[in-house]
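Heads up: the structure comes next, in structure tokens.
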Amino acid sequence: MVLPMPVLPSARRSALRRRLLAWWDAGHRELPWRFPTGEADPYRVWISEVMLQQTQVAAVVPYYLRFLERFPTLEALAEASEDEVLARWSGLGYYARGRRLRAAAREMLARHGGVPRSREALAALPGFGPYTAGAVASIAFGLEEPCVDGNVARVLARLGCVEGAPEAPATRARLWALAAELVRGPRPGELNQALMDLGATVCGKAAPRCARCPVAPCCAARARGRERELPPARARRAPRRLEVACAVVVQGGRLLLERRPPGGLFGGLWELPGAEVAPGATAPAALAEALALRGLRVRVGKELARVERVLTHRRLALTAFRGSVARLPPPGGQLRLAAPEELPALALSAATRALVEALPASGRPAARRRIREEE
DNA sequence: AACACGGGGTA
DNA sequence: TACCCAGTGTT
């Protein structure tokens, strides 16, 4: 990396390093992808880092365990189908991560025979940006490479009293330069993880717990009483509204699903065949029309369930209507029928899973059998 | 530089 | 509700 001139006096730099590593040694969090010093498994470190992109630790842990159970090695992941990978990613969000993970696994084996051991080679792989390349290089391979995520950016902005929006290029460059200086020396992986843990558990966004902070004496923002103001919150646009109508078509006790196109929102996932409803349009009519255009002639009945979800950039509303078809298109393509017991293992978004679970018993695939059993 | 891309935790 | 989270890729 090209770095600006040093910004940390060397005495201050060693004090920070010493305090951070001592704090780490005094009791860091135990997490399933963390190993004793020098015993890191690069494959596991990589999987965890990708899952942790924009996702909090507590949310990741169960998905990580489930994923490693199915794909314990790089080879297992490289041999899996995209559908299998997405199934184990189902509910975690940002599904492009799962697709890129599989693509990178295949490329790693083809070109490097394993997880490559340099920042440059890592950064060239799908799903690796500056953060993940630095994290894997330092944690898995002990290389002196910086990584700046949201937590580290906040910690460093306070430590160095760095003004300006963290996402602005000039601020980013300063924070990365700080991180690069700080990581130089023994135990780079643990130094980086200590910075991240500090941001997650002590140097919080709204209420930094400076009394418990190992580097509070070195903190420039605290010295100026500005630790609560830095870094400035970033402006966000209001989520746009997305109204979707979908059809509950049951055939032989199985539910009709359609695969979304790769890329874009929920790319590659299965969902109830549906359509966006434009503002002012009538949902059942819009649904029937859109499905007919895709070769699926559905008679749309009454509403069965509705769920709403707020994503970062969308306010998503899904409404399910009973649907009946005279004849299904030939199998293959993007349609499939799924039995109720298959649903837990399918690649569905959290919203679609919630919608299916919200269906009244009369609308669900198992309904007919259950009614007969009661007779 | 701005936007798309999920879902859940926290105050 | 608002903000953010172990970010990356596209336009």
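Protein chains get the first letters and strands the later ones, always in sequence-line order, with residue 1 at the start of each. Everything numeric in this text was worked out from a predicted model, so none of it was measured.
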Just the rounded figure in Å: distance from [atom2] of [N] to [atom1] of [X].
{"X": "A:E167", "N": "C:dC5", "atom1": "CD", "atom2": "C1'", "value": "14 Å"}
{"X": "A:W33", "N": "C:dA6", "atom1": "CH2", "atom2": "P", "value": "11 Å"}
{"X": "A:E49", "N": "C:dG7", "atom1": "CD", "atom2": "P", "value": "9 Å"}
{"X": "A:R99", "N": "C:dG7", "atom1": "CZ", "atom2": "P", "value": "19 Å"}
{"X": "A:R234", "N": "C:dA2", "atom1": "CZ", "atom2": "P", "value": "17 Å"}
{"X": "A:L230", "N": "C:dC4", "atom1": "CG", "atom2": "C1'", "value": "17 Å"}
{"X": "A:R315", "N": "C:dT1", "atom1": "CZ", "atom2": "C1'", "value": "9 Å"}
{"X": "A:L101", "N": "C:dG9", "atom1": "CG", "atom2": "P", "value": "12 Å"}

If the [atom1] atom of [N] is compared with that of [M], how far apart are they to the nearest Å?
{"N": "C:dT8", "M": "B:dG9", "atom1": "P", "value": "23 Å"}
{"N": "B:dG6", "M": "C:dT11", "atom1": "P", "value": "16 Å"}
{"N": "B:dC5", "M": "C:dC4", "atom1": "C1'", "value": "15 Å"}
{"N": "C:dC5", "M": "B:dA1", "atom1": "C1'", "value": "22 Å"}
{"N": "B:dG8", "M": "C:dG9", "atom1": "C1'", "value": "23 Å"}

Using a 6.0 Å cut-off, check whether atom [atom1] of [X] has over 12 heavy atoms from anything other than its own residue.
{"X": "A:R327", "atom1": "CZ", "value": "no"}
{"X": "A:E289", "atom1": "CD", "value": "no"}
{"X": "A:R66", "atom1": "CZ", "value": "yes"}
{"X": "A:R294", "atom1": "CZ", "value": "yes"}

- Query: Using 4.0 Å as the upper bound for N to carboxylate O, is an ion pair formed by A:E243 and A:R306?
  - Reply: yes
- Would you call A:R336 and A:E342 a salt bridge, using N to O less than 4.0 angstrom? yes
Touch class at under 4.0 angstrom, heavy-atom based, for [X] against every strand present:
{"X": "A:L31", "value": "base"}
{"X": "A:W46", "value": "nothing"}
{"X": "A:N192", "value": "nothing"}
{"X": "A:G264", "value": "sugar-phosphate"}
{"X": "A:T132", "value": "sugar-phosphate"}
{"X": "A:A135", "value": "nothing"}
{"X": "A:R29", "value": "base"}

- Query: Between B:dC5, B:dA1, C:dC5, which one does the side chain of A:R154 approach most closely?
  - Reply: C:dC5
- Return the nearest nucleotide to the side chain of A:R236; candidates are B:dA4, C:dG9, C:dC3. C:dC3
N/O to N/O distances under 3.5 Å, protein versus nucleotides 7-11 of chain B:
from, atom 1, to, atom 2, distance (Å)
B:dG7, OP1, A:Y95, OH, 2.8
B:dG7, OP1, A:A350, N, 2.7
B:dG7, O6, A:T312, OG1, 2.8
B:dG9, O4', A:Q56, OE1, 3.3

- Look at A:R100 and C:dG7 and indicate whether a side-chain polar atom (N or O) is within less than 4.0 Å of OP1 or OP2. no
- Query: For B:dG6, does OP1 or OP2 lie under 4.0 Å from any side-chain N or O of A:R314?
  - Reply: no
- Query: If each of A:A123 and A:D149 is mapped to the nucleotide of DNA chain C with the nearest heavy atom, which maps nearer the 5' terminus, i.e. the 5' end?
  - Reply: A:D149
- Taking only residues two or more places apart in sequence or in another chain, which ones pass salt bridge (charged side-chain N to carboxylate O under 4.0 Å, His left out) with A:R70? A:E84
- Between A:G267 and A:R237, name the one whose nearest nucleotide on DNA chain B is closer to the 5' end. A:R237
- Message: What verdict does the side chain to side chain contact (heavy atoms under 4.5 Å, CB included) test give for A:L272 and A:L255, after you've listed the backbone C-alpha separation in whole Å, the side-chain angles of each residue and the deciding distance to 0.1 Å?
- Response: CA-CA 8 Å; A:L272 299 180; A:L255 184 62; 3.7 Å; yes
- Kindly determine whether A:F71 and A:F67 satisfy ring-ring contact (aromatic ring centres under 6.0 Å, His included), including the steps that lead there. CA-CA 6 Å; A:F71 311 112; A:F67 195 90; 4.8 Å; yes
